[in-house]
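Just the heavy atoms: all of them, side chains too, but no hydrogens, waters or symmetry mates, feed the values below.
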Amino acid sequence: MDKKIVIPGDLLSENSKKAGYGTYVKNDKIYSLFCGIENLKEDKVGVIPLAGAYIPSANDVVIGIVIVVTPSNWIMDIASPYEGLFHVSEYPKRIESREMREALDVGDSIILRVKDVDNSMKVELALRDSSFHKLKTGQIVEVEPVKVPRVIGHGGSMISMLKKETNCSIFVGQNGRIWIDGKDDDVELLSKALRKIEAEAQRSGLTDRIYNFLKSERSKQKEPKPAKFFKSGKKEIKLPKEDHSEEIYRKIDVLLDPDN
């Protein structure tokens with residue numbers, strides 16, 4: 001059974017103490033603030049919006065992309081109406097202005113923490129972990145920010161299953177950017193799964209549905225492919241992949257731990 005769709009003003013509960021995200025309280029009753037999916041838990045009643053831009057909040061973890069380099073800041077696209085400022089003083093080692101492009105240049109991606117957001121929506125950024133720098137390998141998939149909770153799943157159930165079934169490394173930014181890395185076929189499969197999660201986020205039993213989807217796609221991959229009788233004269237050129245150490249994967253697992 002699909003989850004209930006609600007619109008602004010719909011009555012959700014008569015217990016005002018259970019008000020959660022996406023709700024408002026009036027006359028001790030809880031009402032929906034958004035058009036979205038009703039999210040009922042034992043101690044909370046909330047609404048997951050069906051659409052909406054990412055609005056940064058302090059302590060959010062995001063994936064930013066450098067769009068401008070100034071003498072003292074990297075200006076970052078954080079998939080929001082508001083740009084983020086990553087000041088050179090937040091970098092893990094001292095660097096001079098002339099060295100900034102060597103550290104991070106336009107187009108580079110990096111995992112960041114939202115340090116502060118003031119009333120004028122000036123967004124200050126810092127590193128989530130001093131050991132994380134540019135995302136040099138893998139690829140970034142973007143989903144609607146409001147669908148991020150569905151990608152993570154309750155208690156991290158969805159993302160744990162995705163990692164196990166695709167053998168990929170995954171980092172989910174709260175701004176809807178998801179970094180994935182692994183073998184080409186595995187990354188392609190994971191990308192398809194993420195698109196399916198985004199498209200079916202309103203459906204119940206989603207983790208089981210995605211699990212069955214991955215199993216089905218794996219079976220198709222194992223089916224023998226028809227022989228090719230003609231070969232193209234052009235040779236396919238593959239770029240060498242950068243090696244990852246176990247230490248890097250360990251740190252990624254720490255970031256994904258819901259208890260952190």
Side-chain angles (χ1 to χ4, degrees), residues 1-63 78-84 112-126 128 142-162 170-178 194 196-211 254-260:
M1 182 176 177
D2 290 350
K3 293 192 175 183
K4 182 180 177 182
I5 303 294
V6 296
I7 62 174
D10 278 358
L11 176 64
L12 302 179
S13 172
E14 296 187 359
N15 184 355
S16 61
K17 294 181 180 179
K18 298 177 69 175
Y21 179 78
T23 68
Y24 67 93
V25 175
K26 184 178 181 181
N27 298 328
D28 294 326
K29 296 180 181 180
I30 303 174
Y31 297 88
S32 173
L33 185 61
F34 302 124
C35 179
I37 304 166
E38 186 178 40
N39 187 24
L40 301 178
K41 296 181 180 179
E42 290 184 6
D43 59 339
K44 288 290 181 183
V45 176
V47 177
I48 301 173
L50 290 176
Y54 167 67
I55 305 300
S57 297
N59 296 317
D60 283 356
V61 179
V62 300
I63 295 176
I78 53 173
S80 168
Y82 311 100
E83 296 170 347
L112 297 160
R113 175 176 61 85
V114 178
K115 182 180 179 182
D116 187 49
V117 183
D118 67 15
N119 292 333
S120 66
M121 293 307 295
K122 176 184 176 183
V123 183
E124 296 182 23
L125 304 170
R128 169 62 175 83
E142 295 197 6
V143 301
E144 292 181 52
V146 295
K147 307 294 177 64
V148 164
R150 300 293 272 162
V151 175
I152 296 173
H154 182 64
S157 57
M158 179 71 83
I159 197 168
S160 295
M161 184 272 291
L162 291 173
I170 312 172
F171 184 88
V172 181
Q174 287 167 268
N175 58 340
R177 287 192 177 134
I178 303 172
L194 291 171
K196 188 172 180 66
I197 293 170
E198 182 180 32
E200 301 183 12
Q202 76 279 9
R203 307 192 69 172
S204 60
L206 189 59
T207 301
D208 289 339
R209 295 175 62 83
I210 298 302
Y211 175 81
V254 170
L255 286 176
L256 294 173
D257 189 338
D259 294 330
N260 280 348

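For the 3.5 Å distance criterion, the side chains of Asn15 and Ser13 fail to qualify, holding no donor opposite an acceptor.
A search for salt bridge (charged side-chain N to carboxylate O under 4.0 Å, His left out) contacts involving Glu144 returns Lys147, not counting sequence neighbours. Taking Lys115 as the reference, Glu90 meet the side-chain hydrogen bond (donor to acceptor under 3.5 Å, both in side chains) condition, with sequence neighbours excluded. Qualifying side-chain hydrogen bond (donor to acceptor under 3.5 Å, both in side chains) partners for Asp208, counting only residues two or more places apart in sequence or in other chains: none. Partners of Arg209 according to the side-chain hydrogen bond (donor to acceptor under 3.5 Å, both in side chains) rule, which considers only residues two or more places apart in sequence or in another chain, are Glu200.
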Determine all donor-acceptor pairs shorter than 3.5 Å in which one atom belongs to a side chain in residues 23-36; sequence neighbours excluded.
{"unit_1": "Thr23", "atom_1": "OG1", "unit_2": "Gly20", "atom_2": "N", "d": "3.4"}
{"unit_1": "Thr23", "atom_1": "OG1", "unit_2": "Gly20", "atom_2": "O", "d": "2.6"}
{"unit_1": "Ser32", "atom_1": "OG", "unit_2": "Phe34", "atom_2": "N", "d": "3.4"}
{"unit_1": "Ser32", "atom_1": "OG", "unit_2": "Phe34", "atom_2": "O", "d": "2.6"}

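In this structure, the side chains of Leu206 and Ile197 come closer than 4.5 Å at one or more pairs of heavy atoms. Met121 is listed as a side-chain neighbour of Pro56, based on a closest heavy-atom distance under 4.5 Å. Residues Ile63 and Leu112 are not in side-chain contact: their nearest non-hydrogen atoms beyond the backbone lie 4.5 Å or more apart.
Put simply, the side chain of Arg150 gets close to the backbone of Ala201: a donor and an acceptor are under 3.5 Å apart. Side-chain atoms of Ser157 come within 3.5 Å of backbone atoms of His154 as a donor-acceptor pair (strictly under, hydrogens ignored).
Counting only residues at least two apart or in different chains, side chain to side chain donor-acceptor pair (under 3.5 Å) contacts with residues 45-63 comprise Tyr54-Asp60, Asp60-Gln174.
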